[in-house]
**Q** 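Below you'll find the structure I mean.
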Amino acid sequence: MSLSSALASPARPRVRFAPSPTGFLHVGSARTFIFNWLYARHNGGTMILRLDDTDVERNTDASVQSIFEGLTWLSLSWDEDYKQSDRGALHRQMAETIFQKGLAYRDFTPAHTGDSEKSGAQGTWLFNPGMRELSREESDRHAAAGEPFALRFRVPREGGQLVRFADAVYGEQVKAAVDIEDFALLRSDGMPTYHLASCADDADLRISHIIRGQDHLTNTFKHVLIFEAAGFAPPQFAHLPLLVAPDGTKLSKRRHGPVVSVTTYRDAGFLPEAFINFLCLLGWSPKNDREQMSRQELIDAFSLEGINRANAVVNFKEPAVTPEETFDPKAVWLNAEHIRGLAVADLSARLLPVVREAGFNVTPEKMLRITPLIRERIKLLREVLTAADFFFVDQLPPYDPAELIPQKGDAALALKVLQRAREVLANVEFKHDPLDQTLRVAAQELGIKAGQMFQPIRVAVCGRKNAPPLFETLEVLGKDTTLARIDQAIQRVK
RNA sequence: GGCGCUAUCGUCUAGGGGUUAGGACGGAAGAUUCUCAAUCUUCAAACCCGGGUUCGAUUCCCGGUAGCGCUACCA
C-alpha cells in the first residue's frame, strides 16, 4: 500500500476512540477523541466509542464515569459504542484462528513477577527459551494437563522479513521483524491482551482509520502482524504527536497533578468550545494562521495533513501558584476570546450556574444586566465571582478606607467627594447619561478632575479600585444600594 | 542496552534551496477610555550541532547530540 492511498479518505470512514478506563479522562485522551471526531464529522463518517477494558485489575467505574462526564461537558457525540469486556468470545476466536494457523504458540513460562529485569538491562527480550519450538503434541499435552499458559505471537525470525505500514502522519514505517518480541495475545487466565482485543475489535467493527497517540506507533508493527495473521487487511493509521508537560515528559496525573484532567478545565470556567479549540491547536494546524475557531470551523478545516510530528508542550507552570498559571496562557486567552464572542444572553446563561453554585442569589434578569459589564474583563467563567462580586452581595466586604482617597487628594477630599456625590445622586435618574452628566458637573463644581470624582465613588460601591465602568455599574446597582454604600464609605473615611 | 520517532522565537505554529524566516500566546514600551479590562501601535525573541550535495542550505542527504516513545501475561 502506498502512502498516497493511505491518505485518501474513503467515502465513509469509521473511526474510534478507545480509552482504557483506568484513570480520569485526561487532556491527551480528550484531544485524541476530538481528532477522531473531527475526522469523522469532516468526512461524514462514523464515530465509535469503545471502552478497552481488558485490564480487569485496573478498571474502575469511576474512570468510566469520568470519561462520560468529560465528553458530555464537551458535547462530543459518538454514533456507536462498545465494551471490550462484552466481546471476549470474538477476541478468543481470533486468537484461536491465529493459533490454528501455527502463527501463535503456547508459552508455559510463569508470568513475570514485579520488576522488568528483562527490559531495563541489556539486549532485547524476544521470547522465553524453549517455548517457540515446543511441538504441537507436547504443547497439547501440557495444556491438557491443566498447565497455565500465555498465547504468544510467533514473530517470523528468518528471512530478514520486514513489517511495514503507511502512517498518514509519520509516513512509511518499516521495521525488521527480528526486532519485534513474541508479544502475548492471551494471558494465562484466558483474557486477551490489549493488542489482540484491539485488533480483533478494529477488524470486526470495520474501523477504517486508527487515529491514536504516537505512543502506539511502535506497537503498530505488532498490530499489522496480527491483522495479517488473522486474514484482515490492516486499517489505515494516523498517529498523533503526544501532549507533554513543560518538563518534556508525557502528561501524567501523578507527576503533573490536576492540570491533566479535563474536569479541572471545566471547573475553572473554560468554555467547552474554547477548550476544544485549544486542544486542536496542539499538534495540528490549519496552516492559514487561523487560531480562534468554532466547532464547525474546526470540522471544516480539519485534515490529517495538518497534523505535526513533534510532541506539543502544554505550557502550564510546573509549580502553579496562581490559578492563572495553572493553565497554558494560550488556552486562557482563547477562552477569553470565545467569551467575548458569545452573545450576552448566552454568556449570561453560562455564568448564572457558576454564580449560584458559589452561593449567591441572582436572578437571570440581573445577571443579564451584569454580563455586558464583565464580558471583557473575565478570561475564565469562574472569574465572574471576583469581577462581579459586589453585584451579588448585600453587604460589601471590608476594604481599606485609604482606597477611597483619590489621586492627588487626601481624606478630606475623599469625604468632600462622597458627600457631594451623595447629594447629587439622590436626585438623579439612575441611567447612564444623567449619571455621567451629573457627576461631571459635580466634579467641576468641586474644582477637581472627573477621575478624582469617580474613584472614591467606585471604591465606595465596588469595594475596590478596579471595576467595570462606573455609570453602568451604578445603573445596575440602583439608587438605594448606591446611596447606602456611599453612606457607609462616608462613615469609614471619617 | 535494542528498536522507532522527532528537532523553527520561552510556548503553539507557518514556511521553504536564494525570504527583512511569517502569525499567535506570553513579555516589554506607548496610545486610548473615569479605574481595570478590551482595543490599537511599536519592540525584543527562533531555524540543535557537524559534515556533505549545491553557485547557494534553516530547508535535501548522512552523522552526532538531545528529547520522547516502545521494549509487560498495562493500555
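Every chain is numbered from 1, with letters handed out A, B, ... down the list of sequences.
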**Q** Quick one: look up who C73(B) pairs with, Watson-Crick or G-U, both distances under 3.5 Å, and put none if it's unpaired.
**A** none
**Q** Roughly, in whole Å, what's the span from NZ in Lys379(A) to C1' in C25(B)?
**A** 10 Å
**Q** What does Thr193(A) touch in the nucleic acid at a heavy-atom separation under 4.0 angstrom: a base, only the sugar-phosphate, or nothing?
**A** sugar-phosphate
**Q** Sequence neighbours left out, what passes ring-ring contact (aromatic ring centres under 6.0 Å, His included) with Phe278(A)? Give chain and number order.
**A** none
**Q** Both distances under 3.5 Å, Watson-Crick or G-U wobble: report the partner of C68(B), or none.
**A** G4(B)
**Q** Partner of G18(B) by Watson-Crick or G-U wobble geometry, both contacts under 3.5 Å, or none?
**A** C55(B)
**Q** Hey, does the side chain of Arg152(A) come within less than 4.0 Å of C73(B)'s phosphate (OP1/OP2), counting only N and O?
**A** yes
**Q** How close or far is atom C1' of A38(B) from atom CG of Leu342(A), stated in whole angstroms?
**A** 16 Å
**Q** Using the 3.5 Å cut-off, write out each protein N or O paired with an N or O of nucleotides 30-35 of chain B and the distance between them.
**A**
from	atom 1	to	atom 2	distance (Å)
C34(B)	OP1	Arg440(A)	NH2	3.3
C34(B)	O2'	Arg458(A)	NH2	3.3
C34(B)	O2	Arg458(A)	NH1	3.4
C34(B)	O2	Arg458(A)	NH2	2.6
C34(B)	N3	Leu470(A)	N	3.3
U35(B)	O2'	Asn466(A)	OD1	3.0
U35(B)	N1	Arg458(A)	NH2	3.4
U35(B)	O2	Lys465(A)	O	3.1
U35(B)	O2	Ala467(A)	N	2.9
U35(B)	O2	Ala467(A)	O	3.1
U35(B)	N3	Arg458(A)	NH1	3.3
U35(B)	N3	Ala467(A)	O	2.5
U35(B)	O4	Pro469(A)	N	3.0

**Q** Residues in ring-ring contact (aromatic ring centres under 6.0 Å, His included) with Phe392(A), at least two apart?
**A** Phe360(A)
**Q** Expressed as a whole number of Å, how far does the C1' atom of A45(B) sit from that of A29(B)?
**A** 15 Å
**Q** Just call it for Ser198(A): base, sugar-phosphate, or nothing, with non-hydrogen atoms closer than 4.0 Å on any strand.
**A** nothing
**Q** What's the verdict on side-chain hydrogen bond (donor to acceptor under 3.5 Å, both in side chains) for Asp202(A) and His223(A), showing C-alpha distance, side-chain angles and the deciding distance?
**A** CA-CA 10 Å; Asp202(A) 288 333; His223(A) 299 175; over 6 Å; no
**Q** For the pair made of CG in Asp215(A) and C1' in C70(B), what is the distance, rounded to whole Å?
**A** 9 Å
**Q** Give me the distance, rounded to whole Å, that separates U32(B) from U41(B) when you measure between the P atoms they each carry.
**A** 15 Å
**Q** Produce a footprint string for nucleotides 4-15 of chain B: one letter per nucleotide, 5' end first; B if the base is under 4.0 Å from any protein heavy atom, S if only the sugar-phosphate is, - if neither.
**A** -SSS---SBSSS
**Q** Considering only side-chain heavy atoms of Glu376(A), which listed nucleotide, C73(B), A38(B), A75(B), is closest?
**A** A38(B)
**Q** Does A24(B) have a Watson-Crick or wobble partner in any strand here, with both distances under 3.5 angstrom, and which is it?
**A** U11(B)
**Q** Can a side-chain donor-acceptor contact be found between Thr109(A) and Arg152(A) if the only test is distance below 3.5 angstrom?
**A** no
**Q** What's the CZ-P distance between Phe278(A) and A24(B), to the nearest Å?
**A** 18 Å
**Q** Checking Tyr399(A) now: which residues fulfil ring-ring contact (aromatic ring centres under 6.0 Å, His included) with it, not counting sequence neighbours?
**A** none
**Q** Taking side chain to side chain contact (heavy atoms under 4.5 Å, CB included) as the definition, give me every residue that meets it alongside Glu403(A), ordered by chain and number, with sequence neighbours left out.
**A** Asp400(A), Val459(A), Lys465(A)
**Q** Is there side-chain contact between Phe24(A) and Val260(A), with at least one heavy-atom pair below 4.5 Å?
**A** no
**Q** Specify the separation, in whole Å, of atom CD1 of Ile226(A) and atom C1' of A75(B).
**A** 13 Å
**Q** When the C1' atoms of C62(B) and A24(B) are compared, how many Å lie between them, rounded to an integer?
**A** 35 Å
**Q** Who are the ring-ring contact (aromatic ring centres under 6.0 Å, His included) partners of Phe127(A), not counting sequence neighbours?
**A** none
**Q** Under a 3.5 Å cut-off for both distances, is A45(B) Watson-Crick or wobble paired, and to whom?
**A** none
**Q** Using whole Å, report how far CD of Gln84(A) lies from P of A75(B).
**A** 9 Å
**Q** Which nucleotide wins on minimum distance to the side chain of Lys250(A), given the candidates A75(B), C70(B), A38(B)?
**A** C70(B)
**Q** Side-chain polar contacts of residues 177-186 of chain A - donor-acceptor pairs under 3.5 angstrom, sequence neighbours left out - could you list them?
**A**
from	atom 1	to	atom 2	distance (Å)
Glu181(A)	OE2	Lys222(A)	NZ	2.8
Asp182(A)	OD1	Arg132(A)	NH1	3.2
Asp182(A)	OD1	Val155(A)	N	3.1
Asp182(A)	OD1	Arg157(A)	NH2	2.6
Asp182(A)	OD2	Tyr105(A)	OH	2.7
Asp182(A)	OD2	Arg132(A)	NH1	2.8

**Q** Please report, rounded to the nearest Å, how far the C1' atom of G67(B) is from the CG atom of Leu243(A).
**A** 16 Å
**Q** Is the ring pair His142(A)/Phe108(A) parallel, tilted or perpendicular, if the boundaries are 30 and 60 degrees?
**A** tilted
**Q** Mind checking the P distance from A14(B) to A57(B)? Whole angstroms is fine.
**A** 25 Å
**Q** Taking the same atom, P, in G22(B) and in A44(B), what whole-Å distance lies between them?
**A** 11 Å
**Q** Any strand counts, and the cut-off is 3.5 Å on both contacts for Watson-Crick or G-U wobble. Which nucleotide pairs with U39(B)?
**A** A31(B)
**Q** Cation-pi check for Phe149(A) against Arg106(A): NZ or CZ below 6.0 Å from the six-membered ring centre and within 45 degrees of the axis, yes or no?
**A** yes
**Q** Give the rounded distance in Å between these two atoms: CG of Asp389(A) and C1' of C36(B).
**A** 13 Å
**Q** Among all residues two or more places apart in sequence or in another chain, which pass the side chain to side chain donor-acceptor pair (under 3.5 Å) test with Ser85(A)?
**A** Asp53(A)
**Q** Is there a donor and acceptor pair closer than 3.5 Å between the side chain of Asn219(A) and the base of A75(B)?
**A** yes
**Q** Counting Watson-Crick and G-U wobble pairs only, both distances under 3.5 Å, name the nucleotide matched with G50(B), or none.
**A** C62(B)
**Q** Suppose you measure atom P in C12(B) against the same atom in C68(B); what distance do you get, rounded to whole Å?
**A** 14 Å
**Q** Between G23(B) and G63(B), how far apart are the two P atoms, rounded to whole Å?
**A** 36 Å
**Q** For residues 446-456 of chain A, which residue pairs pass the side-chain hydrogen bond (donor to acceptor under 3.5 Å, both in side chains) check, not counting sequence neighbours?
**A** Gln455(A)-Arg458(A)
**Q** Can you name the residues that form a side chain to side chain contact (heavy atoms under 4.5 Å, CB included) with Leu373(A), not counting sequence neighbours?
**A** Phe391(A), Pro468(A), Glu472(A), Thr473(A), Val476(A)
**Q** In whole Å, what separates the C1' atom of G67(B) from that of G27(B)?
**A** 26 Å
**Q** Answer with base, sugar-phosphate or nothing: what part of the nucleic acid does Arg340(A) contact at a heavy-atom distance below 4.0 Å?
**A** sugar-phosphate
**Q** Can you give me the N/O atom pairs linking the protein to nucleotides 42-46 of chain B at distances under 3.5 Å, or say none if there are none?
**A**
none

